[in-house]
A.B. asks: 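To start, I am sharing the structure in question, which I have written as structure tokens.
Treat the numbers as computed from the prediction; the structure is a model and nothing was measured. In listed order, ligands and their atoms are each counted from 1.
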Amino acid sequence: MKLINAVVKPHKWEDVRAALETVGVSGMTVSEVSGYGRQKGHTEVYRGAEYDIAMVPKVRIEIVADDADVDDIVATIARAAHTGKVGDGKIWVTPVESVVRVRTGDTGSAAV
Ligand SMILES: Nc1ncnc2c1ncn2[C@@H]1O[C@H](COP(=O)(O)OP(=O)(O)OP(=O)(O)O)[C@@H](O)[C@H]1O
């Protein structure tokens, strides 16, 4: 299993959510975050306002998925979140050692 982390522009979140429905993601965690990438110190526009300070609002998506599904999920997020402009976001994948479904005690893939 892997943990997919994606940070995308807030106005692309609905597109990403709709696209993920087509690849059978069974659960995810979504949070409002702020951050910056390589363009630190440059301006970025969000909802008509220019941010020239380092931290720009983003949406973070966390998905635990079976290895076999990871490439598809990452490609789907990347496609749906893309505008081609600075600050489109980032996606990274890390290994997951264990998962437990609290209600049933299921572990591993059965808990995803
Ligand atoms: N190295 C990093 N580690 C953790 N989070 C990051 C990292 N780089 C970027 N992020 C997160 O991703 C968000 C979007 O990053 P951003 O798209 O600006 O990255 P970038 O690589 O500089 O790309 P671009 O050149 O298109 O702006 C940031 O606001 C931040 O929350």
Side-chain angles (χ1 to χ4, degrees):
M1 288 170 298
K2 298 282 195 294
L3 170 62
I4 301 162
N5 283 278
V7 180
V8 303
K9 289 182 168 171
H11 79 273
K12 295 301 279 180
W13 155 240
E14 275 303 323
D15 291 344
V16 172
R17 187 196 56 73
L20 284 173
E21 281 180 8
T22 69
V23 289
V25 169
S26 60
M28 68 179 76
T29 302
V30 179
S31 12
E32 293 178 355
V33 297
S34 49
Y36 63 85
R38 293 179 307 174
Q39 307 295 330
K40 182 179 178 183
H42 292 222
T43 56
E44 190 175 328
V45 176
Y46 170 67
R47 286 191 174 165
E50 275 199 351
Y51 287 76
D52 58 4
I53 50 172
M55 302 302 237
V56 179
K58 301 287 175 187
V59 169
R60 176 176 177 169
I61 305 151
E62 295 165 88
I63 300 170
V64 177
D66 279 325
D67 290 8
D69 299 326
V70 168
D71 289 351
D72 205 13
I73 294 170
V74 170
T76 298
I77 295 171
R79 198 162 46 240
H82 181 264
T83 71
K85 300 212 171 79
V86 161
D88 263 359
K90 201 163 297 251
I91 306 167
W92 63 96
V93 178
T94 57
V96 170
E97 286 191 8
S98 65
V99 182
V100 177
R101 173 173 288 114
V102 171
R103 179 176 60 84
T104 58
D106 288 341
T107 59
S109 284
V112 172

A.B. asks: When clusters are formed by joining ILVMFWY residues with side-chain heavy atoms under 4.5 Å apart, either directly or through shared neighbours, do Val70 and Val7 land in the same one?
C.D. replies: no
A.B. asks: Compare all side-chain heavy atoms of Val8 with those of Lys58 and state whether any distance is below 4.5 angstrom.
C.D. replies: no
A.B. asks: Given Gly89, Ser34, Gly87, which one has a non-hydrogen atom that is nearest to atom 24 (P) of ligand 1?
C.D. replies: Gly87
A.B. asks: Does only the side chain of Val33 get under 4.0 Å from ligand 1, or the backbone, or both, or neither? Count heavy atoms.
C.D. replies: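 Looking at Val33 and ligand 1, no heavy atom falls under 4.0 Å.
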A.B. asks: Quick check for you: to the nearest 0.5 Å, what is the distance between Ile4 atom CD1 and Trp92 atom CH2?
C.D. replies: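 CH2 of Trp92 is found 12.5 Å from CD1 of Ile4.
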A.B. asks: On a heavy-atom basis, which atom in Val59 and which in Pro10 lie closest, and how many Å separate them?
C.D. replies: CG2-CA, 3.8 Å
A.B. asks: What part of Val86 sits under 4.0 Å from ligand 1 if we count only heavy atoms: the side chain, the backbone, both or neither?
C.D. replies: both
A.B. asks: Just list the side-chain donor-acceptor pairs under 3.5 Å for residues 19-32, sequence neighbours left out, or say none.
C.D. replies:
| from | atom 1 | to | atom 2 | distance (Å) |
| --- | --- | --- | --- | --- |
| Glu21 | OE2 | Arg17 | NH1 | 2.7 |
| Thr22 | OG1 | Ala19 | O | 2.6 |

A.B. asks: Among Lys58, Arg38, Arg60, Lys85, which residue places a heavy atom closest to atom 23 (O) of ligand 1?
C.D. replies: Arg38
A.B. asks: Backbone or side chain, does any N or O of Lys90 fall under 3.5 Å from an N or O of ligand 1?
C.D. replies: yes
A.B. asks: Hey, which atoms in ligand 1 end up nearer than 4.0 Å to a heavy atom of Asp88?
C.D. replies: 17 (O)
A.B. asks: Heavy-atom contacts with Val7 under 4.0 Å: which atoms of ligand 1 show up? List them by number with element.
C.D. replies: 12 (O), 13 (C), 31 (O)
A.B. asks: I'd like to know if the side chain of Asp88 reaches the main chain of Gly84, judged simply by a donor and an acceptor atom lying under 3.5 Å from each other, with no hydrogens or angles considered.
C.D. replies: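 Here the side-chain-to-backbone pair exists.
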